[in-house]
Amino acid sequence: MAFSATMLSWSIIEYGGRMGGRVHDARAAVRWATDYLLKAATASPGTLYVGVGDADADHRCWERPEDMDTPRTVYSVSASAPGSDVAGETAAALAAASVVFKAADPAYSRRLVAAARDVMAFAWQHQGKYSDHVGGGVSNYYPSYSGYTDELLWGSAWLLWATKNTSYLDDLISLGANDGVDMFSWDNKLAGARVLLSRRALLNGDKRLDSFTRQAEDFICRVLPSSTSPSSTTPYTPGGLMHRSGNANLQYVASASFLLTTYAKYMASSKRTLSCQNLPVTYKALRAVAKRQVDYVLGANPLGMSYMVGYGARYPRRIHHRASSMPSVAAHPARIGCQEGFDGYLYAPGDNPNVLAGAVVGGPDQNDAFPDDRADYARSEPTTYTSAPLVGCLAYFAGSYKNK
């Protein structure tokens, strides 16, 4: 949730001017998340609340939100049970949102950045992975595979932008996070932090951040198709889609496309070109790759299938989403029990009764195939961390191609 809030905020910061009147809706969505994150960060001194509900118990049920009766256990991190990863991401979300609201709601912006400072200080002072300390099945579903150095980098980068306090720059340089990466996700923030920091290097001429620019360009060379970059380490489907994972692959497509579009913007403004093993790559080439990915998601693919629910003539009708797959309380007032939902709805044939408009599912497999099977969560489950970075891409391309 914090990563979704950060990426939606970044989308508004970079592309809010292209959203027209819808920027108000985007800000409202960010505020919905940051109101919660503020409460989680400030309710109890020295404690950051990071989850509600027992993940294992929740997965043993298929039921509507209105009928849920699984434990609502609250989980937190603290000095004795650290979680630098979740704290760093929460700080990033609060700091990024403070930039979004700086002009629109200055008082709220100040609250956000004050909380972000405190949470970031906690992340540095009490280092550890949250999935080592938080119960409720978190380690089975959302463990921190990448560790927490990337979140220390990411959170500090956002606080540098939000506060202009160069102590965060010293923190960033001290980390020495030099791993090469070819993906950007809710778990691994290195590529996002590097692109974010390259903004200051390229647009403000801050030479102290040149190493992050080089790392950002290394990421870009790794995600471009091999026809464009000899350094590519990213597989593509026959139909032209990046394919990083068999599980929720479109999250990686959306986040990488956001970084390509955004870095292209910085390149254009600073008149920079980059090279992938001595092969020059222009900002227009980055935009073209990102546009191809976004177009694929929206239906320009071998199946003619839009992977955004409710968009286009053909889109997923049996998504892995409880409220979408089960009748509304208005249509079926009687309670549907925890176990009834599996045979009655999850494994039942037929389309979902409720269209979750705008949701983006996990997407097709490495051969461009998509079974539209509700039980196939790897391909049919929508996530907010896929939708959030896609918002920025869509705003950019809508603004660029509105007359075409």
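The residues of the chain are indexed from 1 along the displayed sequence.
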Asks: Has Phe342 got more than 12 heavy atoms of other residues, nucleotides or ligands less than 6.0 Å from its CZ?
Replies: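 Yes, enclosed.
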Asks: Locate the shortest heavy-atom distance separating Ser198 from Tyr266; write the atom from each residue and the value.
Replies: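 Ser198 and Tyr266 have their closest heavy atoms at OG-CD1, 3.9 Å.
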Asks: Could you please spell out the steps behind the side chain to side chain donor-acceptor pair (under 3.5 Å) verdict for Thr70 and Arg72?
Replies: CA-CA 6 Å; Thr70 46; Arg72 297 293 89 202; 3.0 Å; yes
Asks: Where do Tyr145 and Ser131 land on the side chain to side chain donor-acceptor pair (under 3.5 Å) test, with the steps shown first?
Replies: CA-CA 9 Å; Tyr145 298 104; Ser131 48; over 6 Å; no
Asks: Looking at Arg244 and Asp182, is there a salt bridge between them, counting it only when a charged N and a carboxylate O are closer than 4.0 Å?
Replies: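 Result for this pair is yes, salt bridge flagged.
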Asks: Could you tell me whether a side-chain N or O of Asp150 sits under 3.5 Å from a main-chain N or O of Lys189, the two making a donor and an acceptor?
Replies: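 Side chain of Asp150 to backbone of Lys189: a pair is present.
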Asks: For side chain to side chain donor-acceptor pair (under 3.5 Å), just list the numbers for Asp368 and Thr237, CA-CA rounded to whole Å, side-chain angles, deciding distance to a tenth of an Å, and then say yes or no.
Replies: CA-CA 6 Å; Asp368 301 295; Thr237 69; 2.6 Å; yes
Asks: Within 45° of the axis and under 6.0 Å from the centre of the six-membered ring of Tyr108, does NZ or CZ of Arg31 qualify?
Replies: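 The answer is yes; both the distance and angle limits are met.
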Asks: Are side-chain heavy atoms of Pro230 and Cys276 found at a separation under 4.5 Å?
Replies: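 Heavy-atom side-chain distance check passes, below 4.5 Å.
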Asks: For a side chain to side chain donor-acceptor pair (under 3.5 Å) check, start with the C-alpha distance between Asn247 and Ser245, then their side-chain angles and the critical distance, and finish with the verdict.
Replies: CA-CA 5 Å; Asn247 190 1; Ser245 171; 5.8 Å; no
Asks: Just checking Phe219 against Phe184, ring centres under 6.0 Å apart?
Replies: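 Ring centroids of Phe219 and Phe184 are no less than 6.0 Å from each other.
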Asks: Might you point out which heavy atoms bring Ala104 and Arg27 nearest each other, and give the distance in Å?
Replies: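 Scanning both residues, the minimum pair turns out to be CB-NE, 3.9 Å.
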Asks: When you compare the side chain of Val309 with that of Pro382, does any pair of heavy atoms fall below 4.5 Å?
Replies: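 Answer no - side chains too far apart.
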Asks: Distance-only, no hydrogens or angles: does the Ser306 side chain make a donor-acceptor pair with backbone N or O of Gly299 under 3.5 Å?
Replies: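 A pair under 3.5 Å: no.
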Asks: If you count every heavy atom of other residues, nucleotides or ligands that lies below 6.0 Å from Arg314 atom CZ, does the total exceed 12?
Replies: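 Yes.
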Asks: Less than 4.5 Å apart, any side-chain heavy atom of Val138 and any of Tyr75?
Replies: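 Of all side-chain heavy-atom pairs linking Tyr75 with Val138, none is under 4.5 Å.
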Asks: Is Asp69 salt-bridged to Arg335, going by a charged N under 4.0 Å from an acidic O?
Replies: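 Salt bridge present between Asp69 and Arg335.
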Asks: Could you grab the distance from atom CG of Leu394 to atom CG of Leu298, nearest 0.5 Å is fine?
Replies: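 Between atom CG of Leu394 and atom CG of Leu298 there are 6.0 Å.
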Asks: Quick one: does NZ or CZ of Arg317 land under 6.0 Å from the six-membered ring centre of Tyr315, within 45 degrees of the ring axis?
Replies: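 Judged by the rule (NZ or CZ under 6.0 Å from the ring centre, within 45° of its axis), Arg317 counts as positioned above Tyr315.
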Asks: Under a 4.0 Å N-O cut-off, is there an ion pair linking Asp85 with Lys129?
Replies: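 No.
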Asks: Going by the angle between their ring planes, with limits at 30° and 60°, are Trp161 and Trp158 parallel, tilted or perpendicular?
Replies: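 Judged by the thresholds at 30° and 60°, the geometry between Trp161 and Trp158 is parallel.
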Asks: What closest approach, in Å, do Phe370 and Ser380 show between heavy atoms, and which atom pair accounts for it?
Replies: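 Shortest heavy-atom separation between Phe370 and Ser380 comes out as CZ-OG, 3.8 Å.
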Asks: Measuring only between side-chain heavy atoms, which start at C-beta, is Thr234 closer than 4.5 Å to Tyr252?
Replies: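 No, too far: nothing below the 4.5 Å cut-off.
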Asks: With a 6.0 Å cut-off (strictly less than), is the heavy-atom count around CZ of Arg111, excluding the residue itself, greater than 12?
Replies: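 Not more than 12 within 6.0 Å, no.
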Asks: In terms of ring plane angle, is the pair Phe3 and Trp154 parallel, tilted or perpendicular, where the classes change at 30° and 60°?
Replies: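 Correct class here is tilted.
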Asks: Under 4.5 Å between any side-chain heavy atoms of His133 and Val77, yes or no?
Replies: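 No, too far: nothing below the 4.5 Å cut-off.
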Asks: Where is the tightest heavy-atom contact between Ser325 and Pro353, given as atom of each residue plus distance?
Replies: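 So the two residues come closest at O-CD, 3.4 Å.
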Asks: Which atom pair, heavy atoms only, marks the closest approach of Ala41 to Leu94?
Replies: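 What the structure gives for the nearest pair is CB-CD1, 4.5 Å.
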Asks: Tell me, do Gln215 and Asn178 make a side-chain contact under 4.5 Å, heavy atoms counted?
Replies: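 They are in contact (side-chain heavy atoms under 4.5 Å apart), so the answer is yes.
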Asks: Less than 4.5 Å apart, side chain to side chain, heavy atoms only: is that true for Leu390 and Met308?
Replies: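 Yes - at least one pair of side-chain heavy atoms lies under 4.5 Å apart.
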Asks: Looking at Thr261 and Ala290, what are the two nearest heavy atoms and their distance?
Replies: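 That would be OG1-CB, 3.3 Å.
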Asks: Measure the spacing between CD of Glu217 and CZ of Arg222 and express it to the nearest 0.5 Å.
Replies: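 Glu217 CD to Arg222 CZ: 13.5 Å, rounded to 0.5 Å.
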Asks: Do Leu169 and Leu209 have side-chain heavy atoms sitting under 4.5 Å apart?
Replies: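 A side-chain contact exists here, since the closest heavy-atom pair is under 4.5 Å.
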Asks: Has Tyr36 got more than 12 heavy atoms of other residues, nucleotides or ligands less than 6.0 Å from its OH?
Replies: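 Counting other residues, nucleotides and ligands, OH of Tyr36 exceeds 12 neighbours.
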